[in-house]
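What you see is a predicted model, and the numbers here were worked out from it, not measured in a lab.
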Amino acid sequence: MHCRLIGIPLQDGASQLGCEMGPSALRVADLKGALVELGHEVTDIGNVVIGDLPDVSHPNPAVRNLPQIAAWTELLTEVAYRESGQGMPIFMGGDHALSAGTVAGVARRAAEQGRPLFVLWLDAHTDFHTLESTKSGNLHGLPAAYYTGQPGFDGYLPALSHPVDPARVCMIGIRSVDPAEREALKQNSVTVHDMRTIDEHGVAVLLRRFIDEVEAANGLLHVSLDVDFLEPAIAPAVGTTVPGGATFREAHLVMEMLHDSGLVTSLDLVELNPFLDERGRTAKLLVDLTASLMGRTVLDRPTRSY
Ligand SMILES: [Mn+2]
């Protein structure tokens, strides 16, 4: 596999500063080395940066940093489209607002190949707010609504050429949903597995179902991994911790199953805030999880005939 590492020092979508250091922390934790060790070819294209900001504002006074997020979304849509034609892009965030652009870009690539795009959203939150519904005004809470083509973004964020069918989005790890999001999710057919569902069924059963769907449709699979998907005790470096997250074992199982499926074509690593980390342990965990996704296993499991 040819991996393309893309640094996205975006922090304007989050309430706390620090995510702009995310790409640096992932480099220091040697994401590239971990992938090379697995036999992948790796190109780090460096960080991308936005230029001039558009003159745009929204009537909802809570909305923060809209011109910045509009500029990032436009840039990242182009970057994701371009890089997904070169190999497997790994987007090193940066806060989760970046997925508005990365998913839009890989969706354009998928459409060009005549294949449906599926999105696996590993997160504590559904990030399904619109510009009208957000109360915090932090635009990292909107990307899933944007890339599935929910109303209210026209004239504020770049026009979406290829919205993702909400029925092809699966969210796992959810444990914090605002009422407005709950309503919007109900009206769309997004699959949402909260932590209770994971406890009752086990994450493997839920993920297997989704992987089978992607495979049956000959789809491309984009994985968006938010640090707050994980239990805060093992991944403290995030500004939006919610107790009760995925354990170390659950997270690695998800990544190993995704690797076995051979379906993943692009990856976001988002919300890493190194300012909140403890001696780099969250950055190192993200590198290890990415390595699991890209083929690292503890032991080979040969099939025995006896
Ligand atoms: Mn998120």
Side-chain angles (χ1 to χ4, degrees), residues 1-14 16-49 72 75-76 79-80 83-84 86-99 101-103 105-106 120-123 140 143 222-230 232 234-241 245-246 248 251-252 254-255 258-259 264-296:
M1 187 82 83
H2 180 193
C3 302
R4 310 277 296 178
L5 303 185
I6 300 130
I8 305 173
L10 157 62
Q11 61 184 355
D12 297 319
Q16 291 194 51
L17 300 180
C19 285
E20 72 162 12
M21 298 186 281
S24 299
L26 290 167
R27 289 189 179 104
V28 173
D30 202 16
L31 178 56
K32 183 174 179 176
L35 296 169
V36 167
E37 194 173 289
L38 292 165
H40 300 293
E41 187 191 333
V42 185
T43 306
D44 184 342
I45 72 157
N47 287 359
V48 294
V49 282
W72 277 107
L75 170 73
L76 293 174
V79 168
E83 292 301 324
S84 58
Q86 305 293 310
M88 173 176 169
I90 298 179
F91 303 102
M92 306 185 293
D95 72 63
H96 220 163
L98 69 86
S99 300
T102 60
V103 177
V106 297
L120 178 64
W121 198 256
L122 301 171
D123 202 317
H140 66 169
H222 177 87
V223 174
S224 201
L225 173 60
D226 187 317
V227 173
D228 71 21
F229 168 66
L230 304 161
I234 60 165
V238 60
T240 51
T241 49
F248 183 87
H252 274 285
V254 166
M255 294 300 150
L258 287 170
H259 174 260
V264 179
T265 43
S266 47
L267 172 69
D268 300 326
L269 299 172
V270 303
E271 295 287 341
L272 175 65
N273 185 338
F275 200 69
L276 305 175
D277 210 355
E278 296 164 1
R279 302 182 80 92
R281 62 191 288 224
T282 312
K284 287 180 199 151
L285 177 56
L286 283 187
V287 168
D288 283 341
L289 289 172
T290 306
S292 282
L293 175 70
M294 298 304 290
R296 185 193 285 169

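Summarising the geometry, atom CG belonging to L5 is positioned 6.5 Å from atom CG belonging to L35; distances are rounded to the nearest 0.5 Å. Atom CG in L98 sits 6.0 Å away from atom CG in L10 (nearest 0.5 Å). In this structure, CG on L230 lies 12.0 Å from OG1 on T241, to the nearest 0.5 angstrom. Rounded to the nearest 0.5 Å, atoms CZ (F91) and CD1 (I8) are 6.0 Å apart. Separation of atoms OG1 (T290) and CZ (R296) is listed at 9.5 Å; rounding is to 0.5 Å. Distance check: L225 CG to L122 CG gives 5.5 Å after rounding to the nearest 0.5 Å.
At least one side-chain heavy atom of L258 sits less than 4.5 Å from a side-chain heavy atom of L120. The closest side-chain heavy-atom distance from H96 to S224 is below 4.5 Å. Side-chain atoms of V238 and L272, non-hydrogen and from C-beta on, never get closer than 4.5 Å to each other. Looking at M92 and L31, their side chains come closer than 4.5 Å, going by heavy atoms from C-beta outward. Taking the side chain as every heavy atom from C-beta outward, L267 and L269 approach each other to under 4.5 Å. The closest side-chain heavy-atom distance from I234 to L285 is below 4.5 Å. At least one side-chain heavy atom of V264 sits under 4.5 Å from a side-chain heavy atom of L293.
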Please report the C-alpha distance between T265 and V106 in whole Å, then the side-chain angles of each, then the deciding distance to 0.1 Å, and finally whether the side-chain contact (heavy atoms from CB on, under 4.5 Å) criterion is met. CA-CA 9 Å; T265 43; V106 297; over 6 Å; no

Let's go through C19 and E271 carefully: what are the C-alpha distance in whole Å and the side-chain angles of both, what is the deciding distance for side-chain contact (heavy atoms from CB on, under 4.5 Å) to 0.1 Å, and is it a yes or a no? CA-CA 6 Å; C19 285; E271 295 287 341; 4.1 Å; yes

Please test D288 against M255 for side-chain contact (heavy atoms from CB on, under 4.5 Å), starting from the C-alpha separation and ending with a verdict. CA-CA 10 Å; D288 283 341; M255 294 300 150; over 6 Å; no

Report the C-alpha distance between V223 and D268 in whole Å, list the side-chain angles of each, state the deciding distance to 0.1 Å, and finish with yes or no for side-chain contact (heavy atoms from CB on, under 4.5 Å). CA-CA 6 Å; V223 174; D268 300 326; over 6 Å; no

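The minimum heavy-atom distance between M294 and C3, with the atom names listed, is CE-SG, 3.6 Å. Across every non-hydrogen atom of V287 and A29, the tightest pair is CG2-CB, 3.7 Å. G18 and P274 make their closest contact through O-CD, 3.4 Å (heavy atoms, listed as atom of the first residue, atom of the second, distance). Scanning both residues, G94 and P23, for their nearest heavy atoms gives N-CD, 4.0 Å.
Between the side chain of E20 and the backbone N or O of Q11, no donor-acceptor pair lies under 3.5 Å. A donor-acceptor pair under 3.5 Å links the side-chain atoms of D277 to the main chain of A283, judged by distance alone. Using a distance-only test at 3.5 Å, with no hydrogens or angles considered, a donor-acceptor pair links the side chain of N273 to the main chain of L17. The backbone N or O of G13 lies less than 3.5 Å from a partner atom in the side chain of D95, making a donor-acceptor pair.
Judged as a side chain to side chain donor-acceptor pair (under 3.5 Å), the pairs with a partner in residues 36-47 (not counting sequence neighbours) are, in order, H2-T43, R27-D44, R27-N47.
Applying the ring-ring contact (aromatic ring centres under 6.0 Å, His included) test to H252 and every residue at least two apart in sequence or in another chain returns F248. Residues that satisfy the side chain to side chain contact (heavy atoms under 4.5 Å, CB included) test with Q86, not counting sequence neighbours, are R4, E83.
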